[in-house]
Asks: 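If you scroll down you'll find the structure; I have some questions about it.
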Amino acid sequence: MTPQRTGSPSVLILGAGIGGLTTALQLHRVGLRAQVLETVERFAPVGVGINILPHASQQLGELGLAPALSRVAVLTRESVFFNRFGQLAYREPAGLDAGYADPQYSIHRADLHQILLDAVVDRLGEDAVLTGHRVVRVDQDDRRATATARRPDGSTVTVAADVVVAADGIRSVARAQLYPNEGPPRYSGVMMWRGVSVWPRILTGASMVRAGWLAHGKMVIYPIRDDVDGRGSQLVNWVAEVETPQRTGRDWIQHGELADFLPYYADWHFDWCDVPALLSSTATVLEYPMVDQDPLPRWSHGRLTLLGDAAHPMVPRGSNGAGQAILDARAVADCLAAQPGDPVAALRAYDDVRRPATTNVVLTNRANPPDAILREVYERTGDRPFESLDQVVTQDELRRISENYKRIAGFSHAALRPASP
Ligand SMILES: Cc1cc2nc3c(=O)[nH]c(=O)nc-3n(C[C@H](O)[C@H](O)[C@H](O)COP(=O)(O)OP(=O)(O)OC[C@H]3O[C@@H](n4cnc5c(N)ncnc54)[C@H](O)[C@@H]3O)c2cc1C
């Protein structure tokens, strides 16, 4: 265990999700004390797949988590784009195959969460995460910050620390308290259905496929666990996205109906995947509206700051929701360690670094995420099968869209350490 620095700030983290747990690990790395309050009493293995791109996997690797991640995740090797007729439009290597020093992990959120939780318990101790503590308000004066939480028996408890980092997700209590007049989430006009199926390997068995376009139905398909049945089948994550004015509420574990979107994919029988069969073989469908919120003018208010989805909820179109929370975690720990005597200034410095960076990602996810490649193909071909794609859009043009997103989200080759030769 890393010894805690005496006289250094103690940190109370709200929410033991991906961002909150990673923050606890980062604070431990720099020798600061962390306590986490989490609303759920017991973590359930809900949710589906998440991608951890090289900028975030570098951070998790530096926390010593690469072996655990590599044991359960699929190390993604390529990113592939098809039109809705199953024709290949663009392909590029990903993760280690693209020359990064760190992999792209395609992983079940529950697996990622369990790895982080195990590491927190191992390094910070059993009582570092207090479950069954639903935070209802945060307060501060010029000496400390507090969070008041309600427990399942109805009792309340107030926990104090030098600073509070609110990583309490899309319905953040801290954000609502700081910005009581913020409007409802902004709907992008696209509904998303998600699920997992046990399925034979698709393409390389480590391919991230994006296909179609939102007007007629778009799919994202990638494997998240290898050999789940002893016969080489994988757990394959799929996401169906369709433009529709009808939307549901924002809840990661809301169940959906296959019948609401299967018709969009009825003729998607391709040699690389029989999409209707894949979708129909899924036991549980989840639905989620593509929503985000306008970037905030400030996250850090005295001894309180926001992190992850609480700070920058984004439409999940660039595999960057978890990744940006992981980058926030590194930054807030580094800032607090750099100015241990002045935690208010440290939180301000964290805000100065991470808010502009994530604002850019939120806005780019609205307009030009990587799937803009599919939009380009859809528009330039007039949504018809093509004979020669090069006549309407070149591979260089499509590559530029991809490279632009990498630069904005922070995982261009130039921004990351190179792979050793
Ligand atoms: C159950 C669940 C399933 C998810 N499934 C997927 C998925 O399949 N695919 C995907 O891309 N993203 C999923 N996400 C979202 C994804 O984890 C985040 O977008 C991303 O990782 C950023 O992480 P975060 O820590 O900011 O938020 P989250 O990972 O959402 O973590 C927020 C945490 O705060 C806790 N919390 C909320 N309110 C309070 C409160 N008042 N007091 C105390 N604790 C509180 C929540 O229970 C949660 O543990 C899911 C989130 C959750 C909570």
Side-chain angles (χ1 to χ4, degrees), residues 12-25 35-53 56 60 106-114 116-117 120 129-138 147-152 156-157 159 164-177 192-196 220 222 224 235 237-239 241 250-256 284-288 290-293 299 306-329 332 354 358 361-362 365:
L12 183 60
I13 299 167
L14 314 185
I18 306 303
L21 292 175
T22 309
T23 303
L25 293 171
Q35 172 79 67
V36 189
L37 301 182
E38 166 58 46
T39 186
V40 303
E41 285 182 72
R42 237 187 310 272
F43 295 107
V46 288
V48 290
I50 274 189
N51 266 278
I52 303 296
L53 302 174
L60 298 182
S106 293
I107 188 167
H108 198 297
R109 182 189 181 272
D111 290 341
L112 172 62
H113 188 263
Q114 191 63 51
L116 294 170
L117 185 61
V120 168
V129 179
L130 296 180
T131 52
H133 281 67
R134 181 167 65 83
V135 174
V136 290
R137 62 171 295 113
V138 283
T148 302
R150 192 154 293 141
R151 292 186 286 213
T156 57
V157 58
V159 184
V164 168
V165 176
D168 50 345
I170 49 173
R171 276 194 289 273
S172 168
V173 166
R175 181 178 176 126
Q177 208 179 306
M192 174 170 89
W193 291 267
R194 302 168 302 143
V196 290
V220 183
Y222 55 88
I224 53 174
L235 192 66
N237 180 83
W238 57 258
V239 186
E241 298 166 26
R250 188 168 59 153
D251 179 353
W252 286 112
I253 53 174
Q254 172 73 39
H255 284 209
T284 305
V285 173
L286 299 174
E287 66 181 11
Y288 190 85
M290 288 271 197
V291 289
D292 68 5
Q293 281 164 258
W299 298 346
L306 306 174
L307 182 143
D309 282 354
H312 46 72
M314 58 183 70
V315 287
R317 275 176 69 182
S319 307
N320 256 272
Q324 295 298 325
I326 289 167
L327 298 187
D328 293 346
V332 79
R354 291 299 300 155
T358 55
V361 182
V362 170
N365 275 14

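Just follow the structure's listing: the first ligand is 1, and inside any ligand the first atom is 1.
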Asks: Quick check: closest heavy atoms across P45 and H108, and the distance to 0.1 Å?
Replies: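 Where P45 meets H108 most closely, the heavy atoms are O-CE1, 4.1 Å.
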Asks: As a test of reading the model: which residues have a non-hydrogen atom less than 4.0 Å away from ligand 1?
Replies: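 Around ligand 1, where the cutoff is 4.0 Å for heavy atoms, the contacting residues are G15, A16, G17, I18, G19, G20, L37, E38, T39, V46, G47, V48, G49, I50, R109, H133, R134, V135, A167, D168, G169, V173, R194, W252, G308, D309, G321, A322, A325.
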Asks: How far apart are the closest heavy atoms of L37 and A149, and which atoms are they?
Replies: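 Scanning both residues, the minimum pair turns out to be CD1-CB, 4.4 Å.
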Asks: Show the nearest heavy-atom pair for residues I224 and I107, with the distance to one decimal.
Replies: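 So the minimum-distance heavy-atom pair works out to CG2-N, 3.7 Å.
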Asks: Does some side-chain heavy atom of V173 sit less than 4.5 Å from a side-chain heavy atom of L14?
Replies: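 They are not in side-chain contact.
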Asks: How close do I18 and T22 get, counting heavy atoms only, and between which atoms?
Replies: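 Smallest interatomic distance, heavy atoms only, reads O-OG1, 2.6 Å.
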Asks: Classify the ring geometry between H312 and W299 as parallel (under 30°), tilted (30 to 60°) or perpendicular (over 60°).
Replies: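 Rings of H312 and W299: tilted, 30 to 60°.
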